[in-house]
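Below: one structure, written as structure tokens.
Order of the sequence lines sets the chain letters (A, B, ...), proteins ahead of strands, with each chain counted from 1.
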Protein chains: 2
Amino acid sequence: MSDASMPIGQLARSAGCKVQTIRYYEQVGLLPPPARTAGAQRRYGEAHQQKLRFIRHARELGFPLPAIRELLALSDQQESDCAGADRIARRQLEAVNRRIMMLTSLRAELERMLAHGHGNRIRDCRVIATLADHGLCSHEHHEAAASSRGDGCTARGDDEAMTRR
Amino acid sequence: MSDASMPIGQLARSAGCKVQTIRYYEQVGLLPPPARTAGAQRRYGEAHQQKLRFIRHARELGFPLPAIRELLALSDQQESDCAGADRIARRQLEAVNRRIMMLTSLRAELERMLAHGHGNRIRDCRVIATLADHGLCSHEHHEAAASSRGDGCTARGDDEAMTRR
DNA sequence: GTTGAAGCTCCAGTCACTGGAGCTTTTAGA
DNA sequence: TCTAAAAGCTCCAGTGACTGGAGCTTCAAC
């Protein structure tokens with residue numbers, strides 16, 4: 001399974017990500033370039049596997065790549081101070097909290113929009129009316145959903161909600 | 001203020017967005033091309049202002065542009081059925097709910113990471129250890145933060161959390 | 001030796017904007 | 001009427017974190 005020379009596909013499966021993602025991490029300097037076979041194929045060992053798992057876990061927690069870069073650098077300096085890592089995690093926690101608050105108020109308004117009985121013609125549709133007139137929604141949710149930052153922001157399709165008509 | 005020929009900057013201020021954003025909406029067909037002066041500058045009227053406000057409000061609620069396109073088309077057909085708009089809003093509500101659940105479990109793990117007392121050397125740091133070993137976090141939050149889809153995904157900087165080191 | 005899976009590089013696309021270069025038009029004041 | 005600053009214009013490139021494809025080569029099992 002994990003002797004010292006795993007091909008990229010196997011590493012990808014073991015980390016639960018795509019082959020291209022690994023090559024991308026190498027390209028942007030998150031993963032060090034691995035050894036290559038005579039035919040120039042990548043071969044990975046334990047160290048790479050651990051590093052990749054670290055990265056993927058951090059991504060699942062919403063850390064952006066620059067933060068992960070910092071965390072990786074810190075984890076390589078076993079003797080240095082822990083405060084940096086704490087600070088990064090704390091910032092991320094704040095970002096997550098902000099995001100939850102925004103989404104919660106968005107949910108409230110979406111629910112209000114949907115809760116109102118409606119005629120079955122567009123002209124009486126509460127959803128359309130609410131969107132057209134900000135005054136109809138109870139209050140501010142300005143600058144809400146559109147500002148992510150500090151959470152992952154990919155356009156993958158684990159669920160197909162929206163986008164396709 | 002809003003006679004029949006507002007320049008783009010004024011429209012942008014009135015909608016709380018950037019000039020470029022308006023031109024972008026026109027480019028992708030969300031806003032119809034406005035009248036132009038002899039010198040080819042855009043001039044907007046009431047109808048544009050309303051449509052732009054509709055778009056911005058929907059964006060704040062996290063609707064992606066393709067969904068907004070649909071909603072705009074619906075709102076132009078005053079006599080047609082309301083079910084479409086309801087369905088779109090309901091999908092968006094589901095997406096928001098999924099997102100909240102994910103973020104809530106992420107928050108829990110970040111809090112656990114931070115709550116543990118830690119030595120002040122990296123080698124004893126709980127944050128780093130947790131990231132390195134998925135087994136240390138109580139359980140699954142797979143496919144969590146990284147999958148947005150259905151909420152806005154911009155990289156604007158209303159807050160500077162993360163990204164800068 | 002053959003074949004099919006998996007690998008390679010390079011490039012373009014995603015989403016919803018944002019920023020800049022290098023120009024022209026408008027508008028207010030002198 | 002002239003001037004200067006502000007605002008407009010078009011076109012293009014960049015953001016984050018991947019993802020997908022074309023067109024090729026290498027590997028591993030039979």
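A/K18 places its NZ atom 13 Å from the C1' atom of C/dT14, with the value rounded to the nearest Å. Rounded to a whole Å, the CD atom of A/Q27 is 14 Å from the C1' atom of C/dC8. Rounding to whole angstrom units, CZ of residue A/R69 and P of D/dA17 are separated by 9 Å. The distance from atom CG of B/L52 to atom P of C/dA16 is 15 Å, rounded to the nearest whole Å. Whole-Å rounding puts the B/M6 CE to C/dT27 C1' distance at 18 Å. If you measure from atom CD of A/Q20 to atom P of D/dA17, you get 17 Å, rounded to the nearest angstrom. Between B/I22 atom CD1 and C/dA16 atom P there is a gap of 17 Å when expressed in whole angstrom units.
For B/L65, whose side chain is taken as the heavy atoms from C-beta onward, the closest listed nucleotide among C/dT18, C/dC17, D/dA17 is C/dC17. The nucleotide whose nearest atom lies closest to any side-chain atom of A/T37 is, among C/dA16, D/dT26, D/dA17, D/dT26. Side chain of A/R36, nearest nucleotide from D/dA17, C/dT18, C/dT9: C/dT9.
Residues satisfying the side chain to side chain donor-acceptor pair (under 3.5 Å) criterion with B/R107, sequence neighbours excluded, are A/N97.
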N/O-N/O pairs, protein side and nucleotides 3-8 of chain D side, under 3.5 Å:
{"unit_1": "D/dG8", "atom_1": "OP1", "unit_2": "B/G9", "atom_2": "N", "d": "2.6"}

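Counting all heavy atoms, side chain and backbone alike, A/E109 lies closest to A/T130 at OE2-CG2, 3.3 Å. The heavy-atom pair separating B/Q49 from B/S14 by the smallest distance is NE2-OG, 3.1 Å. The two residues A/K51 and A/P32 come nearest to each other via the heavy atoms CD-CD, 4.1 Å.
A salt bridge is defined here as a Lys NZ or Arg NE, NH1 or NH2 lying under 4.0 Å from an Asp or Glu carboxylate O, and A/R87 with A/D81 fails to meet this definition.
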Report task. Please report the C-alpha distance between B/R36 and B/Q41 in whole Å, then the side-chain angles of each, then the deciding distance to 0.1 Å, and finally whether the side-chain contact (heavy atoms from CB on, under 4.5 Å) criterion is met. Result -> CA-CA 5 Å; B/R36 301 271 189 148; B/Q41 299 200 354; over 6 Å; no

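Along DNA chain D, the nucleotide closest to A/G39 and the one closest to A/T21 are compared, and the more 5′ of them pairs with A/T21.
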